[in-house]
Amino acid sequence: MTEDVGVSRGRLVLRRFRRRRIALFGLVAIVFLVLFAFLGPSLSKWNYSQKDYNAFLQPPSAQHWFGTTQIGADVYAQTLRGLQKSLVIGFLTAIISTGLAAIVGAAAGYYGGWTDRVLMWFVDLLLVLPSFLIIAILSPTFQGKTWLLFVVLLAGFSWMITARIVRGLTLSLKEREFVRAAEFMGVSSRTILFRHLLPNMSSILIIDATINVGGAILAETGLSYFGFGVQPPDVSLGTLIADGTKSALTYPWLFVFCGGLLILTVLAVSLVGDGLRDAVDPNSESSRL
Amino acid sequence: MTGLITTSTDGQTSVPAPVLEIADLRVSFPSEAGTVEAVRGLSYAVSAGEVLGIVGESGSGKSVSALAIMGLLPDRARVEGSIRFGGRELAGLGDKALTDIRGSGIAMVFQDPLSALTPVYTVGSQIAEAIRAHHTDTSRAAAADRAVDLLKLVGIPNPAVRAKSFPHEFSGGMRQRVMIAMAIANDPDVILADEPTTALDVTIQAQILEVFHTAQEATGAAIVMITHDLGVVAGFADRVMVMYAGRAVETGTVEDAFYRSRMPYTLGLLGALPRPDLETREPLTPVEGNPPSLVGLPPGCPFAPRCPLKIDVCETVEPPLAPTAVPGHQTACHRSGFLEDGDLKAGDVFPVPAALPPALAGVPREQRPVVLEVTDLVRTYPLTTGSIFRRTIGEVRAVDGISFDVREGETLGLVGESGCGKTTTINEIMSLATPSAGTIKVLGQETGSLDRKQRRKIRRQLGLVFQDPNASLDPRLPIGDILGEGMKAYGVPVAERRSRVSELLTLVGLGPEHVNRYPAEFSGGQRQRIGIARALSLEPRLVVLDEPVSALDVSIRAGVVNLLEDLRARLGLSYVFVAHDLSVVRHIADRVAVMYLGRIVELGTVADVFDAPAHPYTQALLSAVPVPDPRQERARKRILLEGDLPSPSEVPTGCRFRSRCPLYATLLEDHQARCRDDDPVLTPQGPDHTAACHWPEARTVF
């Protein structure tokens, strides 16, 4: 029996999360990166598409904080623009993929029977498809169109594992007595799904979404690096890294800033995900007193 | 009960030197809410051949103290005080030194025998391993032989073969026997048994207690029996220690504690227990309130907030365990002198609530409308094989042709061992589905013939209360939403819903101000009240109660039972009360149906079935129920059943109880033939009393 009546679960998780220094650092880093990506550009007088014809390939200076490229573009403005794009794509992809996973997994687990079989076949099918290749093949068709299509594609290929986990959780949750109580009272299955099943998995879903952010950013940069993702004139961390690698040793400022921010972003997101998982898991030793 | 070394009650016993002596044991754990003081200064001693019963509710510190003795607490726990075993101090010893004593000096039997045995080794090799752990010079073969001897001692049939079986091939009762065999393997001086029979059926519990006697005779060990069941203590223990909030509040001989209790908490526990042997219709005496949280306990007696006898000093000074007039009997109560002078009993101390007369008390049963009628109900499940192409190779008849009816305002108790089909029966009723065979009629409507709309209408008339109040309330919803859910599904307008929720909360003894709280903020008893309120939210006529009080502590249980009786009287409800606790059934039910392997073997009024059971199974079941009265309990003769409930897929021919029937064994050959060949049907034994036995003979078992 729980002795500490009065301490709600949310507060308990928060308290345990706060005890993890490193996760807290990750959270601070994410907040800082988001602020930096969206407020940073207004600090500098250069725009990411502007070019300074008086400064080609200049190292960092008071004029151009991160230096300039071969054609005189400001690296600071470009990097922040790339970070913006990568963050937005990462978060959107994570939210869409976790949402999709939650609905498909819960529906498959709860309704069972043919719904379950068809949905799981679909999941298995998507799992065996080589997602990288498909996005690469499809990328010419969305050239010049919105990058949101790219987000949909990324999300469409990253929800399957979570859906299977959610299905498993649903199978055990639906045997719980509060679900049976609702069924016996004549509550509709849709209401049960959204009112009883999904909220009781919310902690898992939040953790999953957090971890997915890191994965999505990496997938996006990977694809963009090969030219299949974000298309010029727009930039993302991936395209910047691709442009900078050739001169990584000779003109390091072209590569170090975008590469460093990518590592920092993914690391921060993973740390928060780990911290959340430990804070939610009552058996985890590391968050104990 | 035989084989007991009884200490005489005059206190003049020459007590041998204790083998285990605990002095001022304190255990605390760090937690999110603060330091939990689980055990706060516990002292006791046991001598060889003695049985000490430790009784207390969950969270009273009884299991933690046992684990502290074994040195099995996690490293986070702080253990202080002295634990002396055979003159040697154990507190502060390292894990290595303790390993020598664990098993060979002090052995432990846990509550859940499935998790205490390793699933990947045979039971024989696990027992042999326990022997060789302490006697490294024993050869493998000798240890294996000894394992077989031990299995034989604890009553495992065919021990040489069964020693080669794996734990999952044993039933719960058999596994517990294996655990006891393992515990006595190294001839320990002390056996610590932590709720060893709680997870078992009463019939199996009686067998296991018998095995403990055998084990004690074989080893001469002292037994510390930790339990919440006062009935078990009454029959089995020599001395009792009652624990509350991490301390002993009363200790003495069994007779002292049961007949001359000088502590209101012990009195409250005794008064809260329904008696299986007495026909009482008065409400039980509940102990109001809940056990305290062990974090930041306020000064004074921890029981004071629930105590009707408290005086000013109780709130400031915590009473120490002090001797009473009887030597060896100690209590921790400021008012024990007062209790002594008046020789007060539970009813004198705790206020007995007034009982409402049932709504239809005057109307004879035959004239009341039938609320639920079950006729020849059968539920089968296919046994399948193969993973891709499923083939049906047989069927399990979980419920095999049962008939009963429930009339308005009455309670039908449904009892039997686990696996007898009780739960399947109520699932069939609640799901309103078409059964495999037979019919279910709810309020005169047959469930198989209902269309969607009618089914929805009938569903409102049925409420269900679950066993475990922790699992049956959605932790993510506030109470108001939980109670309003059913009404919302039936389109009750918001304003009406709100007023009904307040009304329901008041009805079950909670306040309307609780409406915005979450389930986690309530205690177990309160949560069960919320579960009852939810079952009543659509104003049903019939409420199915699935073990509604078995997950609750004794002192809380009485309040919930009283509430159920009160609601039935006030709202004119009918109950189907499923329980394995026969004492509660006797208290609350009007009629009782005893189930065995998917059949009803005896059906009748509570008085008839409990006082003159005709079926040998009912007799054995009732005889296994412990009575919380030491003198009576020790004078009783038990009818012990052999073995476990057979699997429902392998039902014996003829009478299905034949394989375990104590009567069958005594019958003449030609009489036995009838049991073998004929499946008995329910035959009348009285005006409202039927039993399915070819040779029924009414007996008294209490």
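Chain letters run A, B, ... following the sequence lines, proteins first, then strands; residues in each count from 1. Keep in mind that the numbers below use all heavy atoms, side chains included, and drop hydrogens, waters and symmetry copies.
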Inset, instruction - Mind ranking B:Leu432, B:Asp481, B:Leu538, B:Val465 by heavy-atom pairs under 4.5 Å with chain A and telling me who comes out on top? - result: B:Asp481
Inset, instruction - Select one option (side chain, backbone, both, neither) describing which atoms of B:Arg534 are under 4.5 Å from chain A's heavy atoms. - result: both
Inset, instruction - Tell me, for B:Leu473 versus chain A, whether the close heavy atoms (under 4.5 Å) come from the side chain, the backbone, both or neither. - result: backbone
Inset, instruction - Would you please say whether a donor-acceptor pair under 3.5 Å links the side chains of A:Glu220 and A:Ser86? - result: yes
Inset, instruction - Among A:Pro199, A:Ser202, A:Ser188, single out the residue with the greatest number of heavy-atom pairs under 4.5 Å to chain B. - result: A:Pro199
Legend entry - chain A contact via B:Asp546 - which portion, at a heavy-atom distance below 4.5 Å: neither
Legend entry - Contacting moiety of B:Leu462, where chain A heavy atoms sit under 4.5 Å: neither
Inset, instruction - Assess B:Arg460 against B:Tyr490: is NZ or CZ under 6.0 Å from the centre of the six-membered ring, and within 45 degrees of the ring's axis? - result: yes
Legend entry - Top of B:Met487, B:Arg517, B:Glu485 for chain A proximity - count of heavy-atom pairs under 4.5 angstrom: B:Glu485
Inset, instruction - Side-chain contact test, heavy atoms from C-beta onward, threshold under 4.5 Å: evaluate it for A:Thr115 versus A:Tyr110 and give yes or no. - result: no
Inset, instruction - Taking the six-membered ring of B:Phe466 (Phe, Tyr or Trp), confirm whether the NZ or CZ of A:Arg180 is under 6.0 Å from its centre and within 45° of its axis. - result: no
Legend entry - Ring-face cation contact, B:Tyr381 with B:Arg379, 6.0 Å cut, 45° max: yes
Legend entry - Polar contact flag, side-chain donor to acceptor under 3.5 angstrom, B:Ser550-B:Gln467: yes
